[in-house]
Amino acid sequence: MKIDLENLTIAKARKHLDNGDFSALDLAKAYLDEIKKKNKDIHAYLEVFSDVEEQAKEADKKIKEFKNLKTSKPPDLLGIPIAIKDNILIKGRKVSAASKMLENYIAPYDATAILKLKSAGAVFLGRVNMDEFAMGASTENSAFGPTKNPHDLSRVPGGTSGGSAAAVAANMALVALGSDTGGSVRQPSSFCGVIGYKPSYGGVSRYGLMAMGSSLDVIGTVSRTIADAEILFSVIKGKDPQDSTSIDVSLSSSGKKKLKIADMTPFIGDVGAGGVDPKVMENYKESLLRLKKLGHEIVTVKTDLSALKYALPTYYIIMPAEVSTNLARLDGVRYGLYKDNGGNLISDYKETRGAGFGRETRRRILLGTYVLSAGYYDAYYGKASAVRGLIRKTFGEIFKEVDLVATPTAPTPAFKLGEKMADPVQMYLADIFTVTANMASIPAVSLPSGFTEVEGKKLPLGFQLMAPYGEDGLLFDAGKDFLGESK
Amino acid sequence: MITKEEIQKLADLARISLSDNEKESLRKDIDGILEYVGQIKQVKVPVGEVWEPAERNVMREDVVTTESGSYKESLIDAAPQHERGLIKVKKIL
């Protein structure tokens, strides 16, 4: 049968694969065909794996075995094609974090999430583009060239998981893994019109995810339905002895039919300060109305929200501090690029790091070094850490009043390539509504909420929901309702 | 305002070589970012307030989970310069 990629979900693919309507090989080939047609223009993939068909044939063998056994059902992801962000390790394959520094680095082991996907029988299509070391908001910081937005090739797909979002949006993968430190799964999903889910911090093991901001990083999913995000998360989640910050997130539904959802208009006006596109605001109001019509209650909270407006500046202290620490390991000795400038070891370190890191990466390392240096530590890092405590407390108070918090995912639809490259602070503002969830360790999801027409092109918009720490299931309940999946 | 000399100092601490042109443009960038993030100085926070992770001091048994030597080759191979199973660096003394 002809495979309808546009409307395919994991559940539908599972049924067809098990019924023998098409094979895992047919499915993989269908995606490879799309990649061949579109990747030249979109540049979502940095590498399409050469053994995709072999992986799919292996999956077909297992599907047949399950059929013969009849005692157990095949795992949900057996034969399902998936794209992996270029900062998640798959043993024996290249993984570069879209950096010259690691251009030829081969992963010596599997990330825990990958190990779980392998035992579920997923088919890895390839590694997808990102901002270098997951720093940026547009995928323009990739050392290997930007990814383009499938809805308008003159615009960015968002970032840092721009390759993941563009691949799923353009039917170049059924689902994808990304990583989210300040909005890197949700913001590109909003720009590309797909679903981006950031689990509670620790919900997925960070083992084998290249470290950026270790107290913020989490692996997330990009998909076209909430049900797919839920299936994917249920496979990769869980406590892992290799990551002491990992937790077991329960996915049992709250059973609540009517949810209380916070309308954050006052906060949005406060932090947006004129930077929020009126069409985004209009769409946000419509989205709240949609939830209200579905029987949920929209309320304005009484909690003092003033700490939340400092989430972004606080993030841009904490995160670079962690970046400068984490990226210290890249010095040309143990892995990656090495530049011998003829001098001593220290001058080789400098030469290597100067040549290997792109501009944004160097900027953040220097910034992190500054905020951690003895003279400025208290004023910046120390203060930011305290404000972070306040932000978490504020969310604790908010969630005494409501079940979920709603904001737009991003202040604007996808912007033009090059538009924000000259001014780093402008680029950082793209994360203004997403960083709060990372600062508070809470789960959040970006849901496609409609389109706005700009210069004759329809650009997607996103609606973000945040839930209390560990209560990711609430996001799936509300998300399914919002997108009409529960019917 | 941050100076070009301070940028050089940070680059030395962070072990990154920078061209002269870049020092000036990074100085401007970092100045702008510091101005933006500096707004947190206005926030009044109670004394002793500090962020702490949800999970702390997580312990596990210190057990060997892999066969001895099973990763040696792939880890050594990842080093840009290696010889006879050893990572090679310039002399440090």
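Residue numbers start from 1 in every chain, and the chains themselves are labelled A, B, ... in the order their sequence lines are given, proteins ahead of strands. Since this is a predicted model, take the numbers as computed values, not measurements.
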With 3.5 Å as the limit, can you list every donor-acceptor pair between chain B and chain A, backbone and side chains included?
residue	atom	partner	partner atom	Å
E6(B)	OE2	Y376(A)	OH	3.3
D12(B)	OD1	K350(A)	NZ	3.1
A14(B)	O	R353(A)	NE	3.0
A14(B)	O	R353(A)	NH2	3.0
R15(B)	O	R353(A)	NE	3.1
S17(B)	N	K350(A)	O	3.1
S17(B)	OG	K350(A)	O	3.2
E22(B)	OE1	R362(A)	NH1	2.8
E22(B)	OE2	R362(A)	NH1	3.0
E22(B)	OE2	R362(A)	NH2	3.1
S25(B)	OG	R359(A)	NH1	3.2
S25(B)	OG	R359(A)	NH2	3.0
D29(B)	OD2	R359(A)	NH2	2.8
D29(B)	OD2	R363(A)	NH1	2.5
I40(B)	O	K383(A)	NZ	3.4
K41(B)	O	K383(A)	NZ	3.1
K41(B)	NZ	Y380(A)	OH	3.3
Q42(B)	OE1	Y310(A)	OH	3.4
V43(B)	O	K383(A)	NZ	2.8
E49(B)	OE1	K393(A)	NZ	2.7
W51(B)	N	S385(A)	O	3.1
E52(B)	O	R392(A)	NH1	2.6
R60(B)	NE	P241(A)	O	2.8
A79(B)	N	R334(A)	O	3.2
K90(B)	NZ	D340(A)	OD1	2.7
K90(B)	NZ	G343(A)	O	2.7
K90(B)	NZ	D348(A)	OD1	3.3
K90(B)	NZ	D348(A)	OD2	2.9

[X] versus chain B, the contacting section by heavy-atom distance below 4.5 Å:
X	answer
P424(A)	side chain
I318(A)	neither
L429(A)	side chain
A384(A)	both
I106(A)	neither

The test is side chain to side chain contact (heavy atoms under 4.5 Å, CB included); show your working for L308(A) and V271(A) and say whether it passes. CA-CA 8 Å; L308(A) 297 189; V271(A) 294; over 6 Å; no
Going from [atom1] on [X] to [atom2] on [Y], what distance comes out if it is rounded to the nearest 0.5 angstrom?
X	Y	atom1	atom2	answer
I365(A)	L327(A)	CD1	CG	5.0 Å
I30(B)	L10(B)	CD1	CG	6.5 Å
I317(A)	I40(B)	CD1	CD1	3.5 Å

Given a strict heavy-atom distance threshold of 4.5 Å, which part of [X] is in contact with chain A: side chain, backbone, both, or neither?
X	answer
I76(B)	neither
I87(B)	side chain
I92(B)	side chain
L18(B)	side chain

Do L367(A) and V323(A) have side chains that get closer than 4.5 Å, going by heavy atoms?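 No, side chains not in contact.
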How about V95(A) and I90(A): do any of their side-chain heavy atoms sit closer than 4.5 Å?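 Answer no - side chains too far apart.
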Which atom of L102(A) lies closest to which atom of G336(A), heavy atoms considered: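 Closest approach of L102(A) to G336(A), heavy atoms only: CD2-CA, 4.0 Å.
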Who among P108(A), A379(A), G332(A), P320(A) has the most heavy-atom pairs with chain B under 4.5 Å?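 Max contact count across the listed options: P108(A).
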Do you know which of A386(A), G354(A), G92(A) has the most heavy-atom pairs with chain B at a distance under 4.5 angstrom?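 Of the candidates given, the most pairs with chain B belong to A386(A).
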Hey, which of V50(B), I7(B), L26(B), I33(B) has the most heavy atom pairs under 4.5 Å with chain A?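 So the answer, after comparing V50(B), I7(B), L26(B), I33(B), is I33(B).
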